[in-house]
Amino acid sequence: MSRQRSMEAILASEYVSIGELVRITGSRYSTLKHYTEEGMLPFEQAEENLTRRYKREATVARIMWIKELKASGLSIPQIKEAMGMNQQN
């Protein structure tokens, strides 16, 4: 059984895990993982520790922006374009 930090501790932290982002934003884990893989959610990752750490305030704001864009009917490529991400595939 994993130990979870309290919401108070999470909201006081500069960095959070993807699981904590799920709790803060109400988004699905798979959705946030997909956004991360698409390069839409920047993270830091220590070399030896594979845990991704996200800057809490900036990432929560970014997730809320993505949700707004999705709600307005934009696709992931359109959202990435709106976010100013270069489409170089």
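All heavy atoms count here, side chains included; hydrogens, waters and symmetry mates do not.
If you run side chain to side chain donor-acceptor pair (under 3.5 Å) between Ser13 and each of Arg5, Arg53, Glu8, Arg56, only Arg5 comes through.
Distance check, rounded to the nearest 0.5 Å: CG of Leu41 to NE2 of His34 gives 10.5 Å. Separation of atoms CG (Leu11) and CD (Glu20) is listed at 9.5 Å; rounding is to 0.5 Å. Here the OH-CD distance, from Tyr54 to Gln45, works out to 8.5 Å after rounding to the nearest 0.5 Å. One finds the OG1 atom of Thr51 at 11.5 Å from the CZ atom of Phe43 (value rounded to the nearest 0.5 Å). Rounding to the nearest 0.5 Å gives a distance of 9.5 Å between CD1 of Ile76 and CE of Met83. Residue Arg23 holds its CZ atom at 4.5 Å from CD of Gln4, rounded to the nearest 0.5 Å.
If you chain together hydrophobic residues whose side chains sit under 4.5 Å apart, Met85 and Ile63 fall into the same group. In the hydrophobic cluster analysis, where Ile, Leu, Val, Met, Phe, Trp and Tyr join through side-chain heavy atoms closer than 4.5 angstrom, Leu32 is grouped together with Met7.
Between Lys55 and Thr59 the shortest heavy-atom distance is O-OG1, 2.6 Å.
Side-chain contact between Lys67 and Met64 is present, with at least one heavy-atom pair separated by less than 4.5 Å.
The number of heavy-atom neighbours closer than 6.0 Å to CD of Glu57, taken from other residues, nucleotides and ligands shown, is 12 or below.
Residues meeting the salt bridge (Lys or Arg N to Asp or Glu O under 4.0 Å) test with Lys33, sequence neighbours left out: Glu37.
For the residue pair Ser27 and Tyr35, no side-chain donor N or O sits within less than 3.5 Å of a side-chain acceptor on the partner.
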